[in-house]
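For the numbers below, each heavy atom of this structure counts, side chains included, while hydrogens, waters and symmetry mates do not. Order of the sequence lines fixes the chain letters, A, B, ..., with proteins taken first and strands second; residue numbering starts at 1 for each chain.
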Number of protein chains: 2
Amino acid sequence: MHAYVHIVDDDASFRTALERRLKLAGYRVVTYASARELLDQMPDDEEAGCIVLDVRIPGMSGPELQSRLNELESTLPIVFLTGHADTATTVQAIKAGAEDFLTKPIASDQLIEAIDRAVARHQLARGQRTRLDSLRALLARLTPRERQVFDLIVCGRINKQIAHELGTTERTIKAHRHQVMEKMQVQSLAELVSIAERLGTRQSGAELKA
Amino acid sequence: MHAYVHIVDDDASFRTALERRLKLAGYRVVTYASARELLDQMPDDEEAGCIVLDVRIPGMSGPELQSRLNELESTLPIVFLTGHADTATTVQAIKAGAEDFLTKPIASDQLIEAIDRAVARHQLARGQRTRLDSLRALLARLTPRERQVFDLIVCGRINKQIAHELGTTERTIKAHRHQVMEKMQVQSLAELVSIAERLGTRQSGAELKA
DNA sequence: GGCTCTCCTGTCCCATGGTACAATATGAAA
DNA sequence: TTTCATATTGTACCATGGGACAGGAGAGCC
C-alpha cells in the first residue's frame, strides 16, 4: 500500500481530478505537467508505484519518455492514456513494455484496475531486481583475479586446468577459489553455478580459452 | 528461406492477393478460411514461419485462436490484420505475444516487414525450444531414483547427505551419480547445475527435505 | 618508512568424488 | 524360466577439493 502514482499530463484539471480519485483509492500521487518535469525529479524506482502517462504532451511525447526511461533502466510500469489512439503507437508502447494503453475518456474503475496491475507488476520486478542486485554486489567485490577464477570454476574447469590457463599453480587457485566461495557466500559449487547462470555471466566453455 | 506463412482470413480475394504477393517474396503460403481450418491442419511448429491472422473471422475470432494456440504451446508468431482496430483488442493481442497488429488497408511492404520480423523471431524461439527439448529428453531418460539423486546433486548436497536423505549408502549414490552424469552427457557438476537451472528444475535447497 | 591489499607459493592432511572390479536382489517382460 | 533394467552394496585405489599453518613480492596510501 501507499504506492506512488506519477501522473504526467498537460491538462491541469485532468491531473487534479485524477489525483483526487487516486488518493481516495489509497495511492500517493505526484503530478507532472511534462516529461521534462518527471525526468528532472526522477521518481525513485525503489518505491512501489507506476506512471500514468498521456501520449500527447508538449515537448517530449509519451512514447519518447518511455524509451528514455527504459534507457535509464527504470522499472516503473507505464499506463498510457490518450485521446485518440493510433494502432502503431499502441503496438509500439506495449512492445516497449507498457502495462496498458487506455483511451480517454476512461471509467475511473478501469483505470484503477490497470494501475493496480501495474503496481503489482512493479512489486515483482523490484523484488527480482533487488535479488539480482545483491548477487551482483557480491560479484563486484571479487578482485580481478578472483573473477577470472570464478568464471573458470562455473564453466566446470578443475583447479589444475585453471592453474594452467592462468599460468600459475594449483595451490594458488585453491586460495582464490576459497576467497570466491567466501565472498559469494556459498557453501557449494552448485550454488555458485546457479548464481552465475542467473546473472548470465556463465560462458558455455570454449569461449573462455580466448 | 522458404518459410511458411499461414494466412487466416475469410475474404477469399484478399487471401489470394496476399498469397500471390508473398510467394513473390519467396514465402511458401498456406491459406485458411477460418480458425477451425487452421486448427484442424495444425501447422508444423518445427517449420520456420508465422501466421497472418484477421481479427474478425466467422466462428472463432482471431484473438480466440491466438489464446487457443498459446494453450497448444505453438510458438508460431502471429501478425494480426484488421479493418478497424479497437485499442483494447490491440493491447490484449500484443500482450499475448503477437508479433504485430496492423490495420487494413496495409502497404504490402509494411506487411512483409512484419512477416520477416515474425519469421526471424520464430527461428530464434524454435532454436531455443529445440535446445531445451533435447535437454528435457535427456532428463526424461533418468530412472526415478536417478532423478532424485539428480535433484539433490544440483542443490549442492554431497554424496553422504544424499545417501542419508534417501536412506541408502554413499556407495550407492556414487553409482547413481555416475549414471546421472553419463545419461545427461556432462563431464562436470557445473554443466549439470547449468542444465537444471535452465530447465527450472532446481529447487533452492530446503524445499527438498520435505 | 610503515601499512594494507592483492596476488602468489609452499607442505601436510583429510574429506570427497570418481573409477575399476565384483556381486546380490527384485520385479517386469519375453 | 530366462532375461533385462533397476536398485543396491562392497573393496580398493587414486584424483580432486579444501582446510590449517606459514610465508613472500609488489603496488598504492598515510
Side-chain angles (χ1 to χ4, degrees), chain A residues 135-197 201-203 205-206 208-209, chain B residues 135-197 201-203 205-206 208-209:
Chain A
L135 292 183
R136 264 189 273 274
L138 292 180
L139 194 63
R141 279 173 27 208
L142 299 183
T143 67
R145 200 57 160 176
E146 285 161 1
R147 178 54 198 273
Q148 288 181 302
V149 174
F150 171 89
D151 288 335
L152 290 165
I153 290 177
V154 298
C155 280
R157 301 286 203 286
I158 63 180
N159 290 345
K160 194 184 292 186
Q161 295 174 311
I162 299 175
H164 184 256
E165 289 183 40
L166 297 185
T168 178
T169 68
E170 198 177 336
R171 181 59 191 83
T172 305
I173 299 306
K174 282 187 181 182
H176 289 316
R177 186 174 188 133
H178 179 80
Q179 279 297 104
V180 168
M181 301 292 280
E182 186 90 15
K183 287 187 177 177
M184 297 305 291
Q185 297 172 11
V186 294
Q187 272 70 51
S188 67
L189 173 57
E191 291 173 72
L192 201 69
V193 175
S194 168
I195 289 176
E197 196 75 28
T201 72
R202 191 177 170 280
Q203 308 296 306
L208 280 177
K209 287 187 178 168
Chain B
L135 293 183
R136 264 189 274 272
L138 292 181
L139 193 64
R141 279 173 30 208
L142 298 184
T143 67
R145 199 55 158 176
E146 285 161 1
R147 177 54 197 272
Q148 288 180 305
V149 174
F150 171 89
D151 288 335
L152 291 164
I153 289 176
V154 298
C155 280
R157 301 287 204 285
I158 63 180
N159 289 345
K160 194 184 295 183
Q161 294 173 313
I162 299 175
H164 183 254
E165 290 182 40
L166 297 187
T168 178
T169 69
E170 199 176 336
R171 179 60 190 84
T172 306
I173 299 305
K174 283 188 181 182
H176 289 316
R177 186 174 188 135
H178 180 79
Q179 279 297 105
V180 168
M181 302 292 278
E182 186 90 17
K183 287 188 177 177
M184 296 305 290
Q185 296 172 11
V186 294
Q187 273 69 53
S188 67
L189 174 57
E191 292 173 74
L192 200 70
V193 175
S194 168
I195 288 176
E197 196 74 27
T201 71
R202 192 178 169 278
Q203 307 294 306
L208 280 177
K209 289 188 178 167

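Protein atom CD1 of B:Ile158 is 13 Å distant from nucleotide atom C1' of C:dC14, rounded to whole Å. The nearest whole Å value for the distance from the CZ atom in A:Arg157 to the P atom in D:dG17 is 13 Å. Summarising the geometry, the separation between CZ on A:Arg147 and P on C:dT6 is reported as 16 Å, rounded to the nearest angstrom. When the P atom of D:dT16 is taken as reference, atom CD of A:Glu170 falls 7 Å away, rounded to whole Å. The separation between A:Glu146 atom CD and C:dC8 atom C1' is 12 Å, rounded to whole Å. Protein atom CD1 of A:Ile162 is 15 Å distant from nucleotide atom P of C:dC7, rounded to whole Å. If you take CG of B:Asn159 and P of C:dG17, they are 4 Å apart, rounded to a whole angstrom. Atom C1' of nucleotide C:dT6 and atom CG of A:Leu142 are separated by 13 Å, given to the nearest angstrom.
Residue B:Thr143 places at least one side-chain N or O closer than 4.0 Å to OP1 or OP2 of D:dA7. Between B:Lys160 and C:dT16, a side-chain N or O to OP1/OP2 separation shorter than 4.0 Å is present.
Contact check for A:Leu166 versus A:Leu152: side-chain heavy atoms found under the 4.5 Å cut-off. Looking only at side-chain heavy atoms (C-beta outward), A:Val154 and A:Glu197 stay at 4.5 Å or farther from each other.
In terms of polar N and O atoms assigned as donor or acceptor, the side chain of B:Arg171 comes within less than 3.5 Å of the base of D:dT11 in a complementary pairing.
Closest to the side chain of A:His176, from the set C:dC8, C:dT16, D:dA7, is C:dC8. In this structure, the nucleotide among D:dT8, D:dG17, C:dC7 sitting nearest to the side chain of B:Ala175 is D:dT8. Here the side chain of A:Arg145 is nearest to one of D:dT16, C:dT6, C:dC8, namely C:dC8. Taking the side chain of B:Pro144 as heavy atoms from C-beta on, and the options D:dA7, C:dC7, C:dG17, the nearest nucleotide is D:dA7.
A donor-acceptor pair under 3.5 Å is formed between the side chain of A:Lys183 and the backbone N or O of A:Arg141. A donor-acceptor contact shorter than 3.5 Å links the side chain of A:Gln161 to the backbone of A:Ile158.
As judged by a 4.0 angstrom heavy-atom cut-off over every strand, B:Thr172 is placed among the base-contacting residues.
Here B:Leu189 contributes atom CG and A:Leu189 contributes atom CG; the two are 4.5 Å apart, rounded to the nearest 0.5 Å.
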Query - A:Arg177/A:Ile153 under side chain to side chain contact (heavy atoms under 4.5 Å, CB included): CA gap, chis, key distance, verdict - result: CA-CA 8 Å; A:Arg177 186 174 188 133; A:Ile153 290 177; 3.5 Å; yes
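Within residues 177-189 of chain B, no residue has any heavy atom closer than 4.0 Å to DNA chain D.
Looking at A:Ser194 and A:Glu191, their side chains never bring a donor and an acceptor atom within 3.5 Å of each other.
DNA chain D is contacted by both B:Lys174 and B:Thr169; B:Thr169 maps to the nucleotide lying nearer its 5′ end (nearest heavy atom per residue).
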